[in-house]
Amino acid sequence: MIIPGTYGVALLHKSKGVFKGLNIFASDNELSPDGDFSDKDQEILTYITLIGCSLSLFTLIIAVLLFIINSKMRADPSMKVHINLAVALILLNLHFLPSQAVAALPSTGPCLYMAVGLHYSLLATFMWIALEGFHLYRLLVKVFNIYVRWYMLKLSLVGWGVPVVIVSLVTIIDRGSYGHVPMDSSSNTTTICYITNDTVKMVTVLGVFCLIFLFNFMMFGVVIKRVVTFHFTKEHGQSVHERTKRDVCTLLGLSVLLGITWGLVFFSFGHLTTPGLYLFCILNSLQGFFVFLWFVMSLKKTRNSFTNTSSETQSTNS
């Protein structure tokens with residue numbers, strides 16, 4: 001059994017030839033791996049997931065600390081959106097990594113909390129991924145800098161409030177929708193704490209993510225169009241190689257922030273090959289690490305901009 005992907009909480013059942021995967025999105029929709037998928041692949045993917053999740057958690061915490069100590073980053077609305085996504089991913093990892101250990105406890109209370117927390121943090125991650133797309137829309141499409149009063153407060157109400165409403169409704173209507181979910185189809189001995197109701201999972205997870213993914217995919221298309229247009233615009237002091245490198249890094253970074261890597265779930269069309277499983281596992285378990293790299297690049301860009309501004313000021317004064 002493995003859990004390929006940080007946020008996938010995908011359940012790989014070890015029944016012969018059957019991969020009931022990505023149960024975070026679907027109920028019992030079977031995604032069959034190719035015939036080369038073996039128990040060794042399951043073990044490798046398990047280690048990749050655990051290492052990727054742990055690395056993401058560690059680096060995301062560093063990103064939050066960098067944000068706290070850097071006043072220029074705290075003043076940037078884009079960085080505020082990024083840091084909220086980072087916090088959501090931290091919560092997701094904190095509820096995901098110990099889920100199997102909590103499920104093994106004799107008391108059902110901790111498992112209920114872990115399942116609710118995992119559902120909430122997953123929805124919060126989806127919401128902030130969507131808000132990344134919305135913020136990008138305002139930057140690219142809304143050319144004029146229109147002031148929005150309490151902009152971050154409104155975004156926070158959506159990003160953190162909508163998941164609260166959804167999880168609260170599920171809990172009030174049917175508390176039994178959360179509990180122990182078996183990871184192995186041959187037995188119920190190995191479980192994690194997650195959503196047990198397939199309808200709840202389809203509506204509140206798959207439905208929500210489909211809408212967000214479609215919106216962000218369109219935003220990513222807009223970005224690609226803008227990047228291609230600007231790529232052929234001559235910039236003083238920049239070679240074609242430098243512009244290409246910058247553009248590629250920008251697109252890769254935005255693909256992570258917009259959750260485009262999750263698209264492997266949909267582009268698989270019900271069949272995930274072994275290479276596809278490895279790719280999905282690596283990209284999504286390391287999403288937090290990629291967000292951290294984006295923070296580092298943004299911090300470097302901010303410092304360079306400040307240095308250039310200071311140099312110009314000194315030259316003017318001279």
Side-chain angles (χ1 to χ4, degrees), residues 5-8 22 24-25 52 56 60 63 76-89 92 122-146 148 151 155 158-159 162 205-233 235 242-269 272 275-276 278-298 301:
T6 315
Y7 331 113
L22 304 176
I24 191 167
F25 294 115
S56 293
L60 284 170
D76 187 350
S78 296
M79 297 308 298
K80 291 179 181 179
V81 176
H82 299 339
I83 202 64
N84 277 279
L85 174 59
V87 172
L89 291 173
L92 186 55
L122 177 65
L123 290 175
T125 300
F126 286 168
M127 286 297 108
W128 281 106
I129 286 177
L131 292 174
E132 287 279 5
F134 173 76
H135 184 69
L136 184 64
Y137 168 80
R138 291 192 71 250
L139 293 177
L140 294 180
V141 180
K142 296 291 185 180
V143 180
F144 300 101
N145 187 19
I146 302 175
V148 178
Y151 178 65
L155 291 186
V158 175
V162 172
V205 179
L206 179 62
V208 170
F209 179 75
C210 283
L211 295 175
I212 291 172
F213 178 80
L214 291 175
F215 172 72
N216 280 4
F217 191 75
M218 289 189 293
M219 291 301 100
F220 192 62
V222 173
V223 173
I224 293 177
K225 182 180 179 180
R226 292 295 180 94
V227 167
V228 171
T229 302
F230 292 151
H231 178 78
F232 295 101
T233 303
E235 296 184 23
E242 290 175 337
R243 290 201 303 272
T244 302
K245 181 180 178 181
R246 181 201 61 188
D247 294 342
V248 170
C249 290
T250 299
L251 290 177
L252 290 176
L254 289 176
S255 67
V256 172
L257 294 178
L258 298 178
I260 302 302
T261 55
W262 293 61
L264 290 172
V265 176
F266 300 101
F267 299 147
S268 64
F269 297 103
L272 282 175
Y278 274 92
L279 186 61
F280 178 85
C281 177
I282 293 172
L283 290 178
N284 289 299
S285 64
L286 290 174
Q287 184 176 12
F289 175 68
F290 296 144
V291 171
F292 167 74
L293 293 181
W294 183 268
F295 262 83
V296 173
M297 292 173 61
S298 300
K301 182 179 179 181

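Keep in mind that what you see is a predicted model, and the values were worked out from it rather than measured.
Contact annotation: the side chain of Glu132 never approaches that of Ile212 to less than 4.5 Å [non-hydrogen atoms, C-beta and beyond]. In this structure, Val205 and Phe126 have side chains that are in contact, with non-hydrogen atoms separated by less than 4.5 Å. Taking 4.5 Å as the limit, some side-chain heavy atom of Leu155 sits within range of a side-chain heavy atom of Phe134. Looking at heavy atoms from C-beta onward, Phe220 lies out of side-chain contact with Leu136 at the 4.5 angstrom threshold. The closest side-chain heavy-atom distance from Tyr151 to His135 is below 4.5 Å.
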Before you tell me yes or no, could you show the steps for Phe213 and Ile129 under side chain to side chain contact (heavy atoms under 4.5 Å, CB included), namely the whole-Å CA-CA distance, both residues' side-chain angles and the distance that decides it to 0.1 Å? CA-CA 9 Å; Phe213 178 80; Ile129 286 177; over 6 Å; no
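Rounded to the nearest 0.5 Å, atoms CG (Leu60) and CZ (Phe290) are 12.0 Å apart. Note that CG of Leu92 is 4.5 Å distant from OG1 of Thr125, once rounded to the nearest 0.5 Å.
The heavy-atom pair separating Ala130 from Phe215 by the smallest distance is O-CE2, 4.0 Å. Closest of all the heavy-atom pairs between Trp128 and Ala88 is CD1-CB, 4.3 Å.
Under the 3.5 Å distance criterion, the side-chain polar atoms of Ser56 are matched with a main-chain donor or acceptor of Ser285.
Shown are Asn84, Leu85, Val158; of these, the side chain to side chain contact (heavy atoms under 4.5 Å, CB included) with Leu131 is made only by Val158. For the pairing with Leu286, the side chain to side chain contact (heavy atoms under 4.5 Å, CB included) check across Leu283, Asn284, Ile282 returns one residue only, Ile282.
Ring planes of Trp294 and His82: perpendicular class, angle over 60° (limits at 30 and 60°).
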